[in-house]
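Encoded as structure tokens, the structure appears first; notes follow it.
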Amino acid sequence: WIFFFLATFFIIIILLNMLIAIMADTFTRIKDVNEETGFLEWGLWIYDKDLLMSKRHKGRWCPPKYLYIAAPLEGGHTGPVTLQTISSKLDDIRDEIRLLRSK
């Protein structure tokens, strides 16, 4: 009987250790994508609000012709975004659209 209880206790300890390892791995994976998922949800929320707002209310509450841009920062740059940077990005987007239209 002693061997049975020792083996049972040993198996319970191993299974609890496996459970803790699985939970720690899952927590780490979720924590790694937490910020990206938050930004994605925020962007989807803005998109949904823009779609649900009628044209009559858009003119009154939202300034027209806004462009929402979400992109990762290049080279770890954390400084303020300048008007020159935005205009160069818009020029790149216009060039890509022209290329797509010409195809």
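Just so it is clear, the model here is predicted, and its values are computed rather than measured.
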Less than 4.5 Å apart, side chain to side chain, heavy atoms only: is that true for E96 and L99? no
Would you mind reporting whether F9 and I13 have side-chain heavy atoms less than 4.5 Å apart?
-> yes
W45 meets the ring-ring contact (aromatic ring centres under 6.0 Å, His included) criterion, sequence neighbours left out, with W42
In Å, rounded to the nearest 0.5 Å, how long is the span from [atom1] of [X] to [atom2] of [Y]?
X: I97; Y: L90; atom1: CD1; atom2: CG; value: 9.5 Å
X: W1; Y: L6; atom1: CH2; atom2: CG; value: 13.5 Å
X: T26; Y: R29; atom1: OG1; atom2: CZ; value: 4.5 Å
X: I30; Y: D25; atom1: CD1; atom2: CG; value: 10.0 Å

Should D91 and R94 count as an ion pair when the cut-off is N to O under 4.0 Å? yes
Hits for salt bridge (charged side-chain N to carboxylate O under 4.0 Å, His left out) against D95, two or more places apart or cross-chain, chain-then-number order -> R98
